[in-house]
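Atoms within each ligand, like the ligands themselves, are counted from 1 in listed order.
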Amino acid sequence: MIVVTGATGNVGRELVRLLAAAGKAVTAVSRTPAALPGGVAHHRADLTDPATLAPALTGADALFLEVLPHAHEPEALVGFAKAAGVRRVVLLSSQGAGTRPGTYAQPVRYEDALRGSGLEWTILRPGGFDSNALAWAESIRGDLTAAAPFAGTGLPFIDPADIAEVAAAALREDGHTGRTYVLTGPAATTPRERAAALGAALGAPVHFTEQTRDEAHAEMLRFMPAEVAAGTLELIGAPTAAEQAVSPDVERVLGRPPRTFADWAARNTAAFR
Ligand SMILES: NC(=O)c1ccc[n+]([C@@H]2O[C@H](COP(=O)([O-])OP(=O)(O)OC[C@H]3O[C@@H](n4cnc5c(N)ncnc54)[C@H](OP(=O)(O)O)[C@@H]3O)[C@@H](O)[C@H]2O)c1
């Protein structure tokens, strides 16, 4: 049995679907139950209280673990997995753990806890997600507008469905143990280009406005803690060469190139109509 944390989110939802479709027994973990594929069990846990995850781990051989806001005890989470006899853990970390370890201290701590655990581990370090464009859902639904800072700075955002597919491979197949994969899309896109791609998918142009850094910071505080907002703005405003580079790892694992932002937009128009 495979336990999936973050099971109702952009990555976890698709991972649960893939594992269930492959005939695996899955326990989906989140704080709030949601519609799940037939046969998938749900376990309610709050990872800020690691003991609440423990009952789900009985009889599990693998765990997909996400670094979640305010869940600050990775050693305890990994310890419960080991005590329950879990053999393999796939961690959804962040590219920033490699490129900006000082800012991304929490993913670094999760990675360290896992590497020192004696368990079989695979670490996934994605860059920004295509699904971050869902922050525009309300304004695009309202009056076909989108606003973002650093309009012309490109980053190779990744489709969460590709992260899920790599995670499913690492959970199910041998050969990924001890690997750290950097996961990106196939090409850098700018916020202005992503808004245009959404317009193309919707068949109606989206009017794009460039925000100042301060405007963006104020808006991001609605979705994330202040230190995460500041770190994110640093990354999207002044990415390093490594953060702008396309990684070969999705294609290495899946044997096909990563999906484009336009592909994500075409599959997700319902959220913007
Ligand atoms: N977005 C990016 O650009 C980006 C880049 C790099 C890495 N990441 C990492 O990717 C992770 C997953 O992203 P996503 O887009 O799939 O997330 P998401 O759509 O926001 O989903 C988060 C999932 O975690 C669950 N959850 C949240 N807090 C929890 C808690 N305290 N205890 C138990 N479950 C909890 C949520 O369900 P409930 O709310 O019902 O509990 C939901 O199932 C992020 O947390 C981040 O660490 C994201």
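- We find that D159 and R267 are joined by a salt bridge, their nearest charged nitrogen and carboxylate oxygen being less than 4.0 Å apart.
- A side-chain donor-acceptor contact under 3.5 Å links T5 to the backbone of F64.
- Other residues, nucleotides and ligands contribute more than 12 heavy atoms inside 6.0 Å of the CD atom of E227.
- Side-chain contact check for D214 and T212: no donor-acceptor pair (N or O, by modelled atom type) lies under 3.5 Å.
- Taking any N or O of L47, backbone or side chain, at least one lies under 3.5 Å from an N or O belonging to ligand 1.
- Given atom 12 (C) of ligand 1, the protein heavy atom at minimum distance is E66 OE1, 3.1 Å.
- Ion pair E14/R17 flagged as a salt bridge, since at least one NZ, NE, NH1 or NH2 atom sits closer than 4.0 Å to an Asp/Glu carboxylate oxygen.
- Closest to atom 46 (C) of ligand 1 by heavy atom, among L91, T5, T32, V67, is V67.
- Partner S30 forms a side-chain hydrogen bond (donor to acceptor under 3.5 Å, both in side chains) with one of H42, R44, R13 and no other, that one being H42.
- Of the charged side-chain nitrogens involved, at least one lies within less than 4.0 Å of a carboxylate oxygen, so that D174 and R88 count as a salt-bridged pair.
- Judged by distance alone, the side chain of N268 and the main-chain N or O of S131 form no donor-acceptor pair under 3.5 Å.
- Note: an N/O pair closer than 3.5 Å links T8 and ligand 1 by distance alone.
- Closest heavy-atom approach to atom 30 (C) of ligand 1 within the set R31, H70, Q106: this belongs to R31.
- The shortest N or O to N or O distance between N132 and ligand 1 is below 3.5 Å.
- The ligand atoms of ligand 1 that sit less than 4.0 angstrom from a heavy atom of P126 are 6 (C), 7 (C).
- Protein heavy atom at the shortest distance from atom 31 (N) of ligand 1 is D46 OD1, 2.9 Å.
- Polar contact with ligand 1: absent for G127 (N/O pair, distance under 3.5 Å).
- Checking atom 20 (O) of ligand 1 against the protein gives no heavy-atom contact under 4.0 Å.
- When R115, K82, R109 are each tested for a salt bridge (Lys or Arg N to Asp or Glu O under 4.0 Å) with E75, only one passes: R109.
- Residue contacts with ligand 1 for P107 are absent, since no atom lies close enough (heavy atoms, distance under 4.0 Å).
- Annotation for ligand 1: atoms under 4.0 Å from non-hydrogen atoms of G128 are 3 (O).
- A salt bridge links E234 and R213; the closest N-O separation between the charged side-chain nitrogens and carboxylate oxygens is under 4.0 Å.
- Contact detail for D162 and R259: the closest heavy-atom pair is OD1-NH1, 2.5 Å.
- Side-chain contact check for T52 and H43: no donor-acceptor pair (N or O, by modelled atom type) lies under 3.5 Å.
- Looking at atom 15 (O) of ligand 1, its nearest protein heavy atom turns out to be N10 ND2, 2.8 Å.
- Of all protein heavy atoms, the one lying nearest to atom 34 (N) of ligand 1 is L68 CD1, 3.6 Å.
- A donor-acceptor pair is defined here as one N or O able to donate and one able to accept, closer than 3.5 Å; such a pair exists between the side chain of R194 and the backbone of T189.
- For A7, the closest heavy-atom approach to ligand 1 falls below 4.0 Å.
- Geometrically, ligand 1 and G9 share a nitrogen or oxygen pair separated by less than 3.5 Å.
- Among all non-hydrogen protein atoms, the one lying nearest atom 24 (O) of ligand 1 is G6 CA, 3.2 Å.
- By the criterion of a heavy-atom distance under 4.0 Å, the side chain of L92, and not its backbone, is placed next to ligand 1.
- Residue, atom and distance of the protein heavy atom nearest to atom 7 (C) of ligand 1 are S93 O, 3.4 Å.
- The shortest N or O to N or O distance between F129 and ligand 1 is under 3.5 Å.
- Proximity annotation for atom 33 (C) of ligand 1: of A45, P160, P50, A45 comes nearest, heavy atoms only.
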